[in-house]
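Working notes, beginning with the structure itself.
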Amino acid sequence: MFGDSIDRGILFPLADHISFAVARIRRNEQISNPLTEDIKVLFYSEFKVAETLKTILRERLQIEIDDHEVGYVALHIHSAIGDEKVSVAMQTARAVRECIDMLEKATGKPIDVLSLSYNRLMNHMKYMVARASTGEKLNLDMNEYMLDQYPQAYKVATDICKNLEGCIGHNLDETETGYLAMHIQRVYKDAV
């Protein structure tokens, strides 16, 4: 699926993880992952590949794994594609989840994780975190426009950016706020 871009060093840590997962399942010690839904969106391709493990384990070992376990495998796959460690990918997913929680609190409604606006927001936040860690900057500043037209979305975006900076340990470029506000406004529109 990912061609030559995948680091073959994933084999041992992934095999180790799967071995422990199988042992846990056999002992009826399923673990949950509160970030599973976020991982499905943030690392969609990796999750789809990790889902093949369900069939393999069912056919070869008569073991059923759930999406929580698939999510952890997806993080291993993601770390093998880029230079990002599993812990960093998990930190990204956790930070994004905190931001989504803040947005749900601001709108007073749960966000439909199957909506297009949610998917766009999640992908934007994923790339926003990536840009913060590499120092890449956006070319267009939408801050003034978003502050003028959608002050509520802009305020939430400002709060989320501050929270995100604390979570990921990197400063976000100030132009990120306007773009995030644009995605938040889409979610607001869907939520109200």
Side-chain angles (χ1 to χ4, degrees), residues 1-105 107-130 133 160 163-164 167-168 183 186-187 190-191:
M1 172 76 174
F2 301 108
D4 292 337
S5 66
I6 195 154
D7 177 3
R8 302 286 182 215
I10 187 181
L11 294 176
F12 290 115
L14 185 57
D16 195 43
H17 178 89
I18 293 169
S19 174
F20 279 113
V22 167
R24 279 194 313 272
I25 292 167
R26 286 184 171 152
R27 291 189 308 263
N28 292 319
E29 296 175 1
Q30 297 265 354
I31 57 172
S32 68
N33 182 348
L35 305 173
T36 300
E37 293 304 314
D38 301 311
I39 291 167
K40 280 182 185 180
V41 175
L42 288 169
F43 310 113
Y44 178 81
S45 297
E46 295 91 329
F47 194 88
K48 285 297 178 194
V49 169
E51 279 185 318
T52 62
L53 188 59
K54 285 183 170 189
T55 304
I56 293 168
L57 291 178
R58 184 181 313 115
E59 290 175 357
R60 294 186 186 176
L61 301 174
Q62 293 73 51
I63 288 180
E64 295 291 330
I65 64 167
D66 60 17
D67 280 355
H68 297 294
E69 204 61 66
V70 171
Y72 286 120
V73 172
L75 292 176
H76 278 281
I77 293 169
H78 175 73
S79 73
I81 295 169
D83 292 333
E84 193 173 72
K85 294 181 180 178
V86 172
S87 60
V88 174
M90 190 72 167
Q91 178 188 21
T92 299
R94 188 175 295 114
V96 170
R97 168 50 35 206
E98 282 184 30
C99 295
I100 296 298
D101 290 344
M102 289 174 69
L103 183 54
E104 286 179 330
K105 187 176 180 184
T107 61
K109 295 183 180 186
I111 297 170
D112 179 8
V113 297
L114 299 177
S115 71
L116 181 59
S117 57
Y118 174 80
N119 203 307
R120 285 178 175 161
L121 174 66
M122 292 294 282
N123 279 311
H124 175 78
M125 292 183 80
K126 172 183 165 182
Y127 291 115
M128 190 168 72
V129 169
S133 58
I160 287 175
N163 183 64
L164 196 55
C167 291
I168 64 173
H183 287 283
R186 284 185 182 145
V187 171
D190 288 352

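When a residue number appears, it is its place in the shown sequence, counting from 1.
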**Item:** Main-chain N/O of Ile77 paired with Glu46 side-chain donor or acceptor, under 3.5 Å
**Value:**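 No: the side chain of Glu46 does not pair with the backbone of Ile77.
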**Prompt:** Is a donor on one side and an acceptor on the other found under 3.5 Å between the side chain of Ser19 and the backbone of Ala15?
**Reply:**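 No.
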Distance check, rounded to the nearest 0.5 Å: [X] atom [atom1] versus [Y] atom [atom2]?
X	Y	atom1	atom2	result
Ile18	Leu57	CD1	CG	6.5 Å
Tyr72	Leu14	OH	CG	15.0 Å
Tyr44	Met122	OH	CE	14.5 Å
Lys109	Ile111	NZ	CD1	12.0 Å

**Request:** Assess whether side chain to side chain contact (heavy atoms under 4.5 Å, CB included) is satisfied between Ile65 and Ile63, documenting all intermediate values.
**Result:** CA-CA 6 Å; Ile65 64 167; Ile63 288 180; 4.2 Å; yes
**Asked** Sequence neighbours excluded, which residues qualify as side-chain contact (heavy atoms from CB on, under 4.5 Å) partners of Glu51?
**Response**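 Checked Glu51 against side-chain contact (heavy atoms from CB on, under 4.5 Å); matches are Phe47, Lys48, Asp67, Val70.
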Do you know which two heavy atoms are closest between [X] and [Y], and how far apart they sit?
X	Y	answer
Ile160	Cys99	CG2-SG, 3.3 Å
Ala74	Ala50	N-CB, 3.7 Å
Glu98	Cys167	OE1-SG, 3.3 Å

**Asked** Any chance the side chains of Glu69 and His17 put a donor and an acceptor closer than 3.5 Å?
**Response**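 The answer is yes; a qualifying pair exists.
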**Request:** Indicate whether the side chain of His68 and that of Ser32 have a donor and an acceptor atom separated by less than 3.5 Å.
**Result:**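 No - no donor-acceptor pair under 3.5 Å links their side chains.
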**Message:** Show, in sequence, the C-alpha distance, side-chain angles and deciding distance for Ile100 and Leu121, and conclude whether the side chain to side chain contact (heavy atoms under 4.5 Å, CB included) test is met.
**Reply:** CA-CA 9 Å; Ile100 296 298; Leu121 174 66; 3.5 Å; yes
**Request:** With sequence neighbours excluded, tell me which residues meet side-chain hydrogen bond (donor to acceptor under 3.5 Å, both in side chains) with Asp66.
**Result:**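 For Asp66, no residue satisfies side-chain hydrogen bond (donor to acceptor under 3.5 Å, both in side chains) once neighbours in sequence are set aside.
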**Request:** Please say whether more than 12 non-hydrogen atoms of neighbouring residues, nucleotides or ligands are located less than 6.0 Å from CZ in Arg27.
**Result:**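 Yes, the 6.0 Å shell around CZ holds more than 12 heavy atoms from other groups.
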**Message:** Measuring only between side-chain heavy atoms, which start at C-beta, is Lys105 closer than 4.5 Å to Met102?
**Reply:**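 No; the side chains remain at least 4.5 Å from each other.
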**Prompt:** Does a side-chain N-to-carboxylate-O contact under 4.0 Å join Glu64 and Lys54?
**Reply:**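 No salt bridge links Glu64 with Lys54.
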**Prompt:** Between Arg97 and Asp101, is there a side-chain N and carboxylate O pair less than 4.0 Å apart?
**Reply:**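 Answer for the salt bridge query: yes.
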